[in-house]
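Before any comments, here is the structure.
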Amino acid sequence: MKCPVCGREYEEIIPPFCICGAELELTYDYSSIDVKKWKRRIPGVWRYKELLPPVKKIISLREGGTPLLKARISEKLGVDVYIKDETRNPTGSFRDRLATVAVSYGLPYASNGFIIASDGNAAASVAAYSARAEKEAFVIVPRKVDKGKLIQMIAFGAKIIRYGESVDDAIEYAREIAKLNGLYNVTPEDNIIGLEGQKTIAYELWEEINPTHVIVPTGSGSYLYSIYKGFKELLEIGVLKEMPKLVAVQVDKCNPIAAEILGMEKECREIKALGLYVRNPVMKSRAVKAIKETRGTAIIVSEEEIDAGEKLLANEGIFAELSSAVVMPALLKLVESEFVEKGDKVVLVVTGSGLKTGEGGREKFSIGGTKLEILKILKDREMYAYEIWKALGKPLKYQAVHQHIRELQDLGLIEEAYRRGKRIYYKLTEKGARLVENLE
């Protein structure tokens, strides 16, 4: 693409801003788009291929096409509320939309592999799609990251580097590592190519209900901007008459985008909803523009309200991560303030699964307690079952150790090293070693 101001051309990496300072945005020949063709294709991101960057090979796990559910809370509020359940994507989050496009497009440039800076979801997604593409993935994540997401990265074989206190620190470091090692950087704050995949949620919402409001959990602002771009393109094509109002939801302790919209002093402290902890969002100007142009607004919720939101979504049958749970208390505030009224069609975007965070993530992967102790024991040397049992040094039946060993083998975390007589000696696999290193 060419910069609209200075004419500089970009192909491999499309940064958010040109070196001349102009904002960059991918555009298409909207006059040639026939939306009727979409109806004949299977649901998913690549259903809308005419509005995606051209690629030689599609790397897909059947992402997109996620369910849109009518919420039961609609009856109580007197407003039509729908939940866009992005937890149904292959790795459990909306970032799979980014990963399929970023990895597919970047494949010709990724001879040494891919790299991304992320607070968790994007790193897990890029790890999965890189594995599918048979390419190495390097993920730069903050020191604090949800364990469920970390275990996903390990399972997909990513090389994990822990750096900084928030994703802001990780972005700069990933930039340096990419240059030094010839890696293709798909971090959206440095390469907007993946955002083209994220915008497809707007096309899906238009095809299903054509909403009046879309409420989006907001950290970096990239998803809100992506949704805005998708609807704006439908407007350009001529099939959409009016843009839905976009609502950004942030937490009182970390609210740089909401603070600007609401004209208040920003806060940038660590929060438990780690996916929303972004101190200096690169996409802030785009998100603010999207909110203002759609006559939307921003809502700030407290951490106590997030807990209540998690329960309200669970009552709808959806287990959402804390970063997504903010949409429910935001909805209640919008109804109370009459920003949302009877007759409106409101969409709550649930961006990630609760199974990827906290205790849910650990339980899903069955790692913890005795199994983790066994992995730590095998970190130093190979051992057979009796030695492991003795080394555990706690009241546990010998047969139980064999059961743990079998389960750890099934998970691909340990394997047989060698045999000596009837004794089978076990060792950590590469995946097991990475798990121990990162959980420590």
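We use all heavy atoms of the structure for the numbers below, so side chains are in, but hydrogens, waters and symmetry mates are not.
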With side chains defined as the heavy atoms from C-beta onward, is the minimum distance between [X] and [Y] less than 4.5 Å?
X: K356; Y: N121; value: yes
X: K371; Y: E407; value: yes
X: I171; Y: D169; value: no
X: L413; Y: L435; value: yes
X: I116; Y: I140; value: no
X: I227; Y: L246; value: yes
X: I83; Y: I318; value: yes
X: L274; Y: D119; value: no

Please assess E303 against K253 for the test salt bridge (charged side-chain N to carboxylate O under 4.0 Å, His left out), listing each intermediate value before the final yes or no. CA-CA 8 Å; E303 293 199 322; K253 290 182 181 178; 3.4 Å; yes
Give a yes-or-no answer on whether the side chains of [X] and [Y] include a donor-acceptor pair shorter than 3.5 Å.
X: S166; Y: R279; result: yes
X: S104; Y: K57; result: no
X: D96; Y: S125; result: yes
X: N191; Y: E12; result: no
X: S60; Y: W46; result: no

Can you name the closest pair of heavy atoms from [X] and [Y] and give their distance?
X: P142; Y: V167; result: CG-N, 3.6 Å
X: P217; Y: V326; result: CB-CG2, 3.8 Å
X: N185; Y: I13; result: O-CD1, 3.6 Å

Are [X] and [Y] within salt-bridge range, i.e. N to O under 4.0 Å?
X: R47; Y: E207; value: yes
X: K333; Y: E336; value: no
X: E316; Y: K70; value: no
X: R143; Y: E165; value: yes
X: E86; Y: R95; value: no
X: K159; Y: E136; value: yes
X: E204; Y: R97; value: yes
X: R41; Y: E50; value: yes
X: D34; Y: K37; value: no
X: E270; Y: K144; value: yes

A cation-pi test, strictly: NZ or CZ of R8 under 6.0 Å from the centre of the six-membered ring of Y10 and no more than 45 degrees from its axis. Yes or no? yes
Can any side-chain N or O of [X] pair as donor or acceptor with the backbone N or O of [Y] at less than 3.5 Å?
X: Q152; Y: T91; answer: yes
X: T66; Y: R88; answer: no
X: T218; Y: G221; answer: no
X: K431; Y: L411; answer: yes
X: S118; Y: G120; answer: yes
X: S130; Y: A127; answer: no
X: K345; Y: I209; answer: yes
X: N89; Y: G64; answer: yes

Among I261, L262, V251, which one satisfies side-chain contact (heavy atoms from CB on, under 4.5 Å) with I300? L262
Above 12 or not: heavy atoms from other molecules or residues under 6.0 Å from CD of E11?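 No, CD of E11 has 12 or fewer neighbouring heavy atoms, counting only those of other groups under 6.0 Å.
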F339, CZ atom: more than 12 neighbouring heavy atoms under 6.0 Å: yes
Between E437 and K376, does the salt bridge (charged side-chain N to carboxylate O under 4.0 Å, His left out) criterion hold? Intermediate values first, please. CA-CA 9 Å; E437 178 185 346; K376 288 180 178 179; over 6 Å; no
Taking side chain to side chain donor-acceptor pair (under 3.5 Å) as the cut-off, I'd like each qualifying pair that reaches into residues 230-239, sequence neighbours left out, listed once. E25-K232, Y30-E233, K199-E233, Y203-E233, K229-E233
Tell me if the centroids of the rings in F114 and F138 come within less than 6.0 Å of each other. no
Between W38 and Y48, is the ring centre distance below 6.0 Å?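 Yes, the ring centres sit under 6.0 Å apart.
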Under the rule for salt bridge (charged side-chain N to carboxylate O under 4.0 Å, His left out), what residues qualify as partners of R132, not counting sequence neighbours?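 Result, salt bridge (charged side-chain N to carboxylate O under 4.0 Å, His left out) vs R132: none returned.
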Quick one: do V349 and Y223 satisfy side-chain contact (heavy atoms from CB on, under 4.5 Å)? Show the steps, please. CA-CA 10 Å; V349 181; Y223 203 24; 3.7 Å; yes
